[in-house]
Amino acid sequence: MSVNVDAGRASQAPIPPPRSRPRRSSGLGFLSWLDLKAAPYLLVSPYFLLFLVFGIFPLGFTLWYSLFKYDLTGTEEWTGLGNYTALLSDGAFWNAVVNTIGMFLIATVPQILLALLLANALNKRIRGRLLVRMGVLLPLVTSVVAVAVVFTQLYGRDWGLINWILELFGADPIDWKAQRIPSWIAISTMIDWRWTGYNSIIFLAGMQTIPKDLYEAASIDGASRRRQFWQITVPMLRPTMIFVVLNSTIGGLTLFAEPTTFFGGNVHGGTNSQFQTVSMFIVEQGFREFDYGYASGAAWLLFLMILVGSLVNFLLIRRIGGNK
Amino acid sequence: MMHTSRRGRLLALAAVATLALGVTAACTTGDDEKPAGDGGSAAAAEPVTIKVQTFGGGKNFGYKEAIDKWNASHKDIIIKEEHLTDQFEQVYWPQMIQWLQSGTGAGDVVGIDEGGMGLAKAHPEWWADLGEYGLKDRQANFAAWKWDGGMTSDGKLFGLGTDIGGMSLCYRRDLFEKAGLPADRDEVSKLWPTWDDFVKVGKEFQAKVKDTKFVDGTNTLYNVVLVQEGAKNGNVTYFDKDNNLIVDKNPAVKAAYDFAAKISQDGLTAKLRNFTDEWKTGMKKSQFATLGCPAWMLGVVSGDDAAGPDFKGKWDVAAVPGGGGNWGGSWLAVPKQSKHPKEAAAVLDYLTGQEGEVSVFNYAGNMPSNTLAQQDAAVQSATNEYFNNAPVGDIFAKSASSLQPIFLGIKHAQVKNAIESVVSAIDDGSVPYAQGWKKLVDDAVKAAG
């Protein structure tokens with residue numbers, strides 16, 4: 001969106017003086033026209049072309065096919081909103097919605113709090129600051145699938161490290177893939193392991209823009225470190241917070257790789273779809289059952305879900321420290 | 001000012017559009033030229049590489065030795081096997097369908113499990129007509145049902161059979177001895193003429209051996225019982241011969257489900273779903289003592305990623321309770337998109353021929369569907385070293401001619417997938433036993449829908 005606006009401005013900015021200049025030859029006129037009028041469009045066009053081909057077109061195409069019963073066995077018939085009404089009364093779809101939101105909450109809330117505390121710690125004068133700051137970012141450079149494969153083994157029912165530790169403490173082993181909440185927790189830890197550092201670096205960047213005099217004034221007034229954190233740092237971080245939360249919302253609601261790998265590449269998400277997310281549901285409907293129309297409808301509902309989710313989070317976050 | 005600016009904008013748009021067209025056109029010509037370049041038949045010196053795509057666990061299609069032999073003696077055609085995945089319904093077939101549908105991506109020869117054949121038949125446009133390459137005269141090599149399985153709905157030959165199911169029960173000799181049960185295969189076979197006897201033996205075993213379960217999970221034996229019962233109910237399982245879903249009406253499905261629920265409730269299962277990584281680890285860690293074994297399962301068990309060399313001689317093969325059955329078996333076909341259909345057909349002819357299928361049997365244990373290979377002395381008298389020299393030729397080849405073909409519908413793979421999730425779910429406890437059957441029927445209806 002922002003790019004769009006910028007592009008509009010850019011096109012108006014070079015409003016040219018050449019009108020006053022007399023045209024010498026048509027060839028030069030074309031060149032100067034190309035330089036002044038067309039060049040900005042040409043320069044920004046690659047993005048828009050790509051966006052058109054890989055963004056707008058699939059979006060429209062998906063919308064169009066969500067209005068059909070369209071599957072591999074050859075049927076292609078108009079159903080209007082039939083796919084949507086069927087989806088809204090489909091228990092499996094709602095199951096996927098609940099799983100997605102559940103995992104989003106379990107993963108994101110602790111993640112953002114942790115990232116905030118981590119960033120606060122990193123913001124202090126500590127030894128080897130650069131190294132530590134780079135260190136928290138390290139999990140991000142590992143591949144999602146590699147992370148998921150390793151965690152899947154850690155969470156193995158029979159031979160996993162975590163169950164082994166639990167057994168050391170006399171607890172019963174947990175069948176992480178069979179039970180709903182444990183499976184959500186397992187997947188959430190994969191997400192958090194990868195993304196907490198990333199978010200904390202963004203928070204850190206935000207924290208460094210907060211003017212030091214605020215803290216100095218606060219300490220002169222006798223505010224404790226803790227009080228400074230909650231009443232200066234957090235409210236001042238609001239714009240960063242909005243970015244991080246929106247990013248996490250979009251990432252969390254389109255969760256796919258971790259839970260899929262957790263179940264051996266199977267998009268059913270557990271024997272009883274305990275951890276099937278909406279993205280996995282879409283792939284299952286579209287590319288396992290080959291019900292393209294139905295999958296397209298589900299994709300559009302996911303899109304709406306992300307819009308609503310982002311909006312709700314945006315409104316919630318905007319209130320942080322807003323009434324002070 | 002307004003006017004010129006608008007015209008400028010329009011011109012700019014036109015320029016952008018032209019640029020876009022130019023880019024697309026460039027791409028198109030690039031693509032068009034490529035096939036013309038290497039598709040030319042004149043290039044005699046360059047050997048043609050035929051890509052064979054397969055699936056399955058362990059030694060899967062068992063082509064290693066057959067392909068090595070071919071490549072050693074052929075200069076003009078090189079075979080390259082591409083083993084894609086262990087899982088047919090979940091991974092291989094959906095991917096293959098996309099490749100076939102989009103016209104690019106599939107190999108020159110592709111393996112298809114029986115569960116995919118209903119759909120493959122219904123799409124003649126996906127396949128090269130093998131009749132054009134002289135494979136029609138292979139008809140005498142195959143049982144009528146296996147031959148007909150490779151005919152498209154409009155009567156063209158598109159696939160030839162690789163292997164057939166046959167049925168046995170694999171068991172761990174050492175663990176049986178540990179439980180005080182007989183370990184000799186004939187005596188073990190006598191322990192369980194029926195499935196009730198099998199469960200009884202299982203409970204005995206379980207009472208003596210604590211850290212090993214009697215069977216792997218619910219899925220394997222569910223499928224074994226399903227094909228046995230299916231043969232008693234008109235050779236159908238999920239679909240009748242008019243492609244109507246009959247999951248709720250076919251007593252075979254209910255019987256198989258009930259048996260799966262029973263072994264799970266009796267605590268005989270290690271709660272491992274077949275063909276998953278955990279299942280294969282389970283073999284290495286001796287988590288279960290018996291396994292339903294169609295002929296091709298021998299290759300899966302002995303494969304390095306499953307039980308592997310450490311358990312050589314510890315497994316053995318006994319008769320299956322409840323009589324024979326036919327689970328699994330595949331075909332090879334040549335997708336129409338192959339650029340070398342003639343060479344691909346020659347490779348297919350070799351791999352499904354007597355020599356090819358005998359080689360597979362010796363390497364992996366997959367039972368040939370080619371009758372010449374079945375009658376080959378090397379097959380008839382074969383023993384399997386890995387399985388304690390079990391006379392597998394005797395066990396599988398003798399029953400091969402009497403195997404019943406099970407009819408599988410167009411959407412069999414999807415329905416099977418949905419049902420097996422539920423059959424696993426009652427085992428891992430995520431679906432209560434009491435709700436399992438209803439969920440199974442509901443999910444099957446949905447998957448077929």
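Atom set for the values below is all heavy atoms of this structure, side chains included, hydrogens, waters and symmetry mates excluded. In this text the structure is predicted, and so the values were computed from the model without any measurement.
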Proximal component of B:A270, with respect to chain A [non-hydrogen, under 4.5 Å]: backbone
Looking at B:D427, B:D428, B:V423, which hits side-chain contact (heavy atoms from CB on, under 4.5 Å) with A:T271? B:D428
Is A:A39 close to chain B through its backbone or its side chain, or both, or neither, when contacts mean heavy atoms under 4.5 Å? neither
Looking at chain A, which one of B:A425, B:A448, B:A418, B:G429 has the largest number of heavy-atom pairs inside 4.5 Å, strictly under? B:A425
Considering residues, nucleotides and ligands other than B:K438, do more than 12 of their heavy atoms fall under 6.0 Å from its NZ? no
The interface call for B:E420 against chain A, heavy-atom contacts under 4.5 Å, is neither
With a 4.5 angstrom heavy-atom cut-off, which part of B:A447 approaches chain A: side chain, backbone, both or neither? both
Nearest-0.5 Å distance that lies between atom CD in B:Q414 and atom CG in A:D291: 10.0 Å
Chain A contact via B:T276 - which portion, at a heavy-atom distance below 4.5 Å: neither
Nearest 0.5 Å, please: how far is CD in B:E278 from CH2 in A:W159? 12.5 Å
For A:F287 and B:P94, work out which heavy atoms get closest and say how close. O-CB, 3.1 Å
Partner of A:N272 under side-chain contact (heavy atoms from CB on, under 4.5 Å), picked from B:V431, B:I426, B:V422, is B:V431
Could you tell me which portion of A:Q274 (side chain, backbone, both or neither) has an atom closer than 4.5 angstrom to a non-hydrogen atom of chain B? side chain
Residue A:Y294 versus chain B: region with a heavy atom under 4.5 Å: neither
Between A:R288 and B:Q90 (side chain of the first, backbone of the second, donor and acceptor by atom type, cut-off under 3.5 Å), is there such a pair? yes
Tell me, side chain or backbone of A:N266 under 4.5 Å from chain B's heavy atoms, or both, or neither? both
Inter-residue atom distance B:L272.CG - A:D158.CG, 0.5 Å rounding: 6.0 Å
If you measure from NZ on A:K177 to OG on B:S424, what distance do you get to the nearest 0.5 Å? 12.0 Å
Where do A:A178 and B:S430 come nearest, in terms of heavy atoms and distance? O-CB, 3.4 Å
Is the side chain of A:R157 donor-acceptor paired with the backbone N or O of B:K271 at a distance under 3.5 Å, no angle test? yes
Could you give the distance from CZ (A:F263) to CZ (B:R273), rounded to the nearest 0.5 Å? 5.0 Å
Region of B:Q95 that comes under 4.5 Å of a non-hydrogen atom in chain A: neither
Proximal component of B:K446, with respect to chain A [non-hydrogen, under 4.5 Å]: both
